[in-house]
Number of protein chains: 2
Amino acid sequence: MSNLMSAARKIPKDRQTYPARMERLDPDHAADVLRGTSRYKSADRAIKAGCDLFRLGERGEAIYSLVDGWVALYNLLEDGRRQILQFALPGAVLAFVPTRGAVMNYSAQALTDGVVCVLSHEKLGCLARENPEIGMQLAGLIAQDRGLAYEHLSSIGRHSARERVAHLLLELFMRSRMCWPGHRGEEMHLPLTQEHIGDATGLTGVHVNRVLRDLRKEGILEFHYRRLRVLNPDKLVDVAGIEPHVALQWINDDLSDETVIDLRKRRDVTTPVHLDTIRRRALHPTSGSVPPPRRMYS
Amino acid sequence: MSNLMSAARKIPKDRQTYPARMERLDPDHAADVLRGTSRYKSADRAIKAGCDLFRLGERGEAIYSLVDGWVALYNLLEDGRRQILQFALPGAVLAFVPTRGAVMNYSAQALTDGVVCVLSHEKLGCLARENPEIGMQLAGLIAQDRGLAYEHLSSIGRHSARERVAHLLLELFMRSRMCWPGHRGEEMHLPLTQEHIGDATGLTGVHVNRVLRDLRKEGILEFHYRRLRVLNPDKLVDVAGIEPHVALQWINDDLSDETVIDLRKRRDVTTPVHLDTIRRRALHPTSGSVPPPRRMYS
DNA sequence: CGAATGCTTGAGCTTCATCAACTTCAGTGG
DNA sequence: CCACTGAAGTTGATGAAGCTCAAGCATTCG
């Protein structure tokens with residue numbers, strides 16, 4: 001797999017074809033710099049599944065670069081209800097606060113065992129002085145988070161339970177594939193309970209269960225005890241009601257790793273899940289006809 | 001009013017008491033730098049109510065610093081439904097994309113006439129080279145947006161219609177007061193329709209209307225044709241089910257303008273809306289007893 | 001193997017959406 | 001100043017989507 005990757009990275013023509021590609025790597029590069037630099041300046045810290053990495057109300061004294069594992073950012077209400085705000089995958093930067101000394105306004109819990117590397121604000125300051133572009137790259141990373149949050153807002157605010165669950169699972173499937181390019185099967189490990197899915201989509205675990213039953217009966221996917229199998233990705237895209245721009249975003253992300261090679265030249269080998277549906281729709285949205293908006297905006 | 005402000009700014013003791021205060025100004029400072037610098041490098045651009053500032057799918061070639069007016073960031077679904085992601089007030093930075101050349105994945109519409117100043121990516125690059133700290137400050141601004149988005153996620157995902165509407169109106173009330181410190185009455189201009197409120201809270205305009213009727217009947221607030229009157233802020237805080245940390249965030253924001261003086265020394269004069277309820281609860285949360293969480297987190 | 005956690009299903013109920021008719025308000029031009 | 005017009009607000013009736021409670025089953029892990 002790694003020879004494929006390096007092969008892809010050696011071809012400058014691809015970078016010409018997809019100009020966003022090099023630049024897209026900037027935020028990742030930022031994560032690399034944070035990780036790499038702190039690797040000899042700070043200690044990596046192992047985290048155990050179920051433990052809180054930090055909690056709402058604590059002062060943000062350091063940022064964490066997630067090296068390995070899944071982490072959920074969440075918010076607990078007084079009555080015990082929970083809203084999951086984001087699932088963080090390796091490469092994510094956690095616990096960045098808008099201003100030094102501000103308190104965190106959400107908590108973070110490890111869903112699996114994992115590793116973070118810790119970078120205190122002092123060291124972050126030094127690092128930023130040494131290579132000044134890191135501030136802007138960090139801004140890019142956070143803007144990505146904001147984009148995901150906006151996407152989830154649209155999902156929770158304006159979609160049915162069916163669409164929300166399909167959307168979330170598709171998103172996690174795609175993001176995890178980007179994160180671990182080695183895993184290309186229809187099946188993946190998704191370290192969530194149905195309750196997690198409910199807390200992320202604004203539903204109850206019970207209702208998530210019913211939605212999943214329906215999706216299973218229709219042969220679209222199976223989710224059972226932390227294993228997700230996507231049986232019919234095209235149909236899943238349909239059900240999720242993916243917006244063209246969201247798809248485009250995912251595809252661009254996808255184009256910037258070796259998948260572009262994988263799909264073009266070796267489509268037959270290890271890619272049972274075709275991205276073609278998403279790609280086609282994103283580039284030729286809605287088969288040509290755009291329905292008129294519901295309202296006139298004065 | 002401005003003499004009050006400068007009086008507040010001259011007292012170093014206050015800065016000792018609230019250490020977050022100076023630092024909190026950093027993001028605002030960033031906005032000032034963007035605005036000030038571009039004021040002589042780029043032209044300010046007037047925007048008219050109802051016009052789109054930019055649309056989903058366009059390439060983000062420049063960022064905008066909102067100088068005056070209200071702007072709504074929103075997302076339109078294929079079937080015409082709309083989700084409002086954020087209400088932007090003066091000082092906000094709009095259209096920042098994670099990577100150069102990326103497309104916007106939401107749209108922005110002016111709710112009132114206003115002014116933005118435009119800063120192309122090239123000029124942003126120059127500016128960032130001249131004063132490197134601006135990248136980190138921009139990151140802070142965007143992290144604030146992300147925080148608001150997370151708050152809205154919790155609201156839409158886990159609160160009743162009543163709570164959502166109360167929460168949104170309270171948030172807008174507080175933010176607009178921070179933005180225009182001169183306005184201290186119970187009444188304010190809120191350039192929204194009930195449909196806007198619905199689109200921001202994931203409800204229908206019709207249902208928002210019913211919620212507003214109830215709140216009016218209970219003497220909590222009135223919202224009618226773009227005028228909001230908060231009659232009973234304490235009760236509104238109750239209904240909104242504000243989390244202590246959210247309140248704390250708002251208070252800290254509030255402490256960094258002259259309100260701290262206003263409330264401490266001149267409580268009786270021009271402050272019909274008391275922040276005491278919020279402050280008390282934030283500092284002594286839930287009268288001392290924290291209800292146990294619903295679940296054990298394995 | 002047993003306990004704990006997570007999943008599954010049903011019945012009844014609440015909240016909010018939908019549809020439709022009607023009223024109020026703000027801005028426009030006579 | 002008034003009448004007109006279109007946008008926004010108001011209200012009722014009806015139904016569907018999703019929640020709650022409750023009981024039982026499956027899976028994992030120690």
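Atom set for the values below is all heavy atoms of this structure, side chains included, hydrogens, waters and symmetry mates excluded. Chain identifiers are assigned alphabetically (A, B, ...) following the order of the sequence lines, protein sequences preceding nucleic acid strands; residue numbering begins at 1 within each chain. Remember, predicted model here, so these are calculated numbers, not experimental data.
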Verify whether one side chain among B:T193 and B:H196 offers a donor that lies under 3.5 Å from an acceptor in the other.
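B:T193 vs B:H196: donor-acceptor pair found between side chains.
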
Any chance the side chains of A:H152 and A:Q86 put a donor and an acceptor closer than 3.5 Å?
no

In whole angstrom, give the distance that lies between atom [atom1] of [X] and atom [atom2] of [N].
X	N	atom1	atom2	value
B:R158	C:dT15	CZ	P	16 Å
B:N209	C:dT23	CG	P	16 Å
A:R162	D:dG18	CZ	P	11 Å
B:L212	D:dT11	CG	C1'	14 Å
A:Y225	C:dC7	OH	P	6 Å
B:H159	C:dC16	NE2	C1'	17 Å
A:H224	C:dT5	NE2	P	18 Å
A:L192	C:dG6	CG	C1'	13 Å

Minimum-distance nucleotide (side-chain atoms of A:Q194 versus D:dG9, C:dC16, C:dC7):
C:dC7

Using a cut-off of 4.0 Å on non-hydrogen atoms, how would the nucleic acid contact of [X] be classed: base, sugar-phosphate, or nothing?
X	value
A:R216	sugar-phosphate
B:G202	sugar-phosphate
A:R227	nothing

Residue-phosphate contact under 4.0 Å: B:R213 side-chain N/O, D:dT10 OP1/OP2:
no

Check whether any side-chain nitrogen or oxygen of B:T204 sits under 4.0 Å from OP1 or OP2 of C:dA17, and answer yes or no.
yes

What N/O pairs connect the protein and nucleotides 13-17 of chain D at under 3.5 Å? Give each pair on its own line.
| from | atom 1 | to | atom 2 | distance (Å) |
| --- | --- | --- | --- | --- |
| D:dA13 | N6 | B:R210 | NH2 | 3.3 |

A:D52 and A:E58, any side-chain heavy atoms less than 4.5 Å apart
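No; the side chains remain at least 4.5 Å from each other.
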
Could you check whether B:R216 pairs with B:E222 (Lys NZ or Arg NE/NH1/NH2 to Asp/Glu carboxylate O, under 4.0 Å)?
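Between B:E222 and B:R216 there is no salt bridge, as every charged N stays at least 4.0 Å from the carboxylate O atoms.
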
Result of checking B:N209, B:D199, B:T204 against B:Q194 for side chain to side chain donor-acceptor pair (under 3.5 Å)
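The passing option is B:N209.
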
Would you call the rings of A:Y64 and A:F54 parallel, tilted or perpendicular, where under 30° means parallel and over 60° means perpendicular?
parallel

For B:R158 and A:R82, indicate whether the former's side chain and the latter's backbone hold a donor-acceptor pair under 3.5 Å.
yes

